[in-house]
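All ligand and atom numbering here is 1-based and tracks the order in the structure. Residue numbers run from 1 in the order of the sequence given. Just so we're clear, the structure is a prediction, and the values are computed from it rather than from any experiment. The figures here come from the full heavy-atom set of this structure, side chains too, leaving out hydrogens, waters and symmetry mates.
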Amino acid sequence: MAAQINPSILSADFARLADEAKAVEGADWLHVDVMDNHFVPNLTLGVPVVESLARATDTPLDCHLMIEAPDRWAPQYVEAGAGSVTFHVEAAAAPVRLAREIRAKGARASMALKPATPIEPYEDLLPELDMLLIMTVEPGFGGQAFLDIMLPKVRRTRELISKHGLELWLQVDGGVSASTIERCADAGADVFVAGSAVYGANDPAEAVRALRNQAGAATAKASWACDH
Ligand SMILES: O=C(CO)[C@H](O)[C@H](O)COP(=O)(O)O
Ligand SMILES: [Fe+2]
């Protein structure tokens, strides 16, 4: 799959969300960070805002749920119009049942790992997922510094995906920018969330194009992609 760039509206102007979504039309997905002030120490938006955003843009919504009780809430985000719903494994009571429910309702099912959560215990769950998200910052805030120490986990996850011959997308989120995206692509990521690097730019749409070109060039040179 070609490298995908998903701008995060966490770094957008929340009073102008429809315009901010339009400013990045041409991006693959719009990343929507849902925070409940319990799973993470920050509060953003919920189901009604996702419903309105889904009506306001043709770009599919990639909802990243940083919330407690995702088993209860995630299906509602599919009904609100999300094309992809990511829950955190640390918060899910029954991740396999939840992934199956998200898929059955018609969205892509995705699971996220915080920095201290290893991938290895979840190897057997990978076939149940359409995407795995490896956090490259502690979740909760935009604009944080990229955690280089997550790159070995990205690499090991890419190896597991290859070993099992899966179509699973591998997303990185947090501190992704022109100075870090190539290392992420080289390690095996193919979906890149970028908040401040896109919405902090003078021309957000151009920032998306530049990041996609950079990631594409790095992927073309990466050993994990050359093997296939
Ligand atoms: O999930 C997130 C934070 O928990 C955001 O998606 C992420 O931080 C994007 O912002 P930036 O690219 O500025 O780091
Ligand atoms: Fe996110």
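- Angle OD1(D33) to the Fe ion (ligand 2) to OD2(D173): 170° [nearest 10 degrees].
- One finds a salt bridge joining R103 and D130 here, because a Lys/Arg side-chain nitrogen approaches an Asp/Glu carboxylate oxygen to under 4.0 Å.
- A salt bridge is absent between D186 and K221; no separation between the charged side-chain nitrogens and carboxylate oxygens falls under 4.0 Å.
- A salt bridge between E25 and K22 is absent, with no side-chain N of the basic residue lying under 4.0 Å from a carboxylate O of the acidic one.
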Would you mind listing each N/O atom of ligand 1 next to any protein N/O under 3.5 Å, plus the distance?
residue: ligand 1; atom: 1 (O); partner: D33; partner atom: OD1; Å: 3.0
residue: ligand 1; atom: 1 (O); partner: H64; partner atom: ND1; Å: 3.3
residue: ligand 1; atom: 1 (O); partner: D173; partner atom: OD2; Å: 2.9
residue: ligand 1; atom: 4 (O); partner: G140; partner atom: N; Å: 2.8
residue: ligand 1; atom: 6 (O); partner: H31; partner atom: NE2; Å: 3.3
residue: ligand 1; atom: 6 (O); partner: D33; partner atom: OD1; Å: 3.1
residue: ligand 1; atom: 6 (O); partner: D33; partner atom: OD2; Å: 2.8
residue: ligand 1; atom: 6 (O); partner: D173; partner atom: OD1; Å: 2.7
residue: ligand 1; atom: 6 (O); partner: D173; partner atom: OD2; Å: 3.0
residue: ligand 1; atom: 8 (O); partner: F141; partner atom: O; Å: 3.2
residue: ligand 1; atom: 12 (O); partner: G195; partner atom: N; Å: 2.8
residue: ligand 1; atom: 13 (O); partner: G143; partner atom: N; Å: 2.8
residue: ligand 1; atom: 13 (O); partner: S196; partner atom: N; Å: 3.0
residue: ligand 1; atom: 13 (O); partner: S196; partner atom: OG; Å: 2.6
residue: ligand 1; atom: 14 (O); partner: G175; partner atom: N; Å: 2.8

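- Shown here are the ring pair (Phe, Tyr, Trp, His ring centres under 6.0 Å) partners of F39, two or more places apart in sequence or in another chain: H88.
- Here R108 does not pair with D62 in a salt bridge; the nearest charged N to carboxylate O distance is not below 4.0 Å.
- At most 12 non-hydrogen atoms from other residues, nucleotides or ligands lie less than 6.0 angstrom from CD of E167.
- Seen from the Fe ion (ligand 2), atom ND1 on H64 and atom NE2 on H31 lie at an angle near 100° (rounded to 10 degrees).
- Here the shortest heavy-atom pairing between L211 and S177 reads CD2-C, 3.8 Å.
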